[in-house]
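Notes to accompany the following structure.
Atoms considered below: every heavy atom in the structure, side chains included; atoms not considered: hydrogens, waters and symmetry mates.
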Amino acid sequence: MMKKENEHTPETEPLDAAEEEMTVDLDLDDGRHVTCSIVTILTVSNRDYIVLLPLNENGRNDNGEVWFYRYLEDEQNPDEEPTLEYIDDDDEYEAVGDAFDEYLDSVEFDEMIDEEDTEDNSQES
């Protein structure tokens, strides 16, 4: 299930050698602080969007909920932190949701191909 959250101030965490995923810390309008795993960045209608997986205090997401935000980088200053913007237009939000569904389908397809290659290689041995 997708959920909209108001948010405008991301802080990206650098990857440590032991970490496998990048995270973003969000300060929500209701005062909550949430750490999210970055799932992917999508381009829809020439705009970039980020897909975030909110994590609980144990670093897990038990409900599969994801959040979508507009993702903006300062082209003039590449060292500047990216900005996230709340998507308040329902049609825009739905278009991002559809693009994310297509992304998930492609990831599942890629995993199926990888599994078939592994099976084929093991049968040839």
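- Rounded to the nearest 0.5 Å, atoms CD1 (Ile87) and OH (Tyr69) are 9.0 Å apart.
- At a threshold of 4.5 Å between non-hydrogen side-chain atoms, the residues Trp67 and Leu28 count as touching.
- Listed for the Arg60 side chain is no donor-acceptor partner under 3.5 Å among the backbone atoms of Leu55.
- Atom-to-atom distance recorded for Asp89:CG and Glu94:CD is 10.0 Å, nearest 0.5 angstrom.
- Within the 4.5 Å cutoff, no side-chain heavy atoms of Val51 are placed close to those of Tyr103.
- For the pair Tyr49/Ile41, no side-chain contact is recorded, criterion being any heavy-atom separation below 4.5 Å from C-beta on.
- A heavy-atom distance below 4.5 Å is found between the side chains of Leu26 and Leu52.
- Under the 4.5 Å side-chain heavy-atom criterion for ILVMFWY residues, no single connected hydrophobic cluster contains both Tyr86 and Leu72.
- A distance of 5.5 Å separates CG in Asn56 from CG in Asp62, rounded to the nearest 0.5 Å.
- Heavy atoms only, all atoms of each residue included: Pro54 and Glu65 are closest at CD-O, 3.2 Å.
- Between Tyr93 and Phe68, the ring-plane angle classifies as tilted under the 30° and 60° cut-offs.
- With values rounded to the nearest 0.5 angstrom, Thr35 atom OG1 is found 12.5 Å from Asn61 atom CG.
- Interatomic distance, CG of Asp48 versus CG of Leu42, reported as 9.0 Å (0.5 Å rounding).
- Note that the CZ atom of Arg70 and the CD atom of Glu92 stand 4.0 Å from one another [nearest 0.5 Å].
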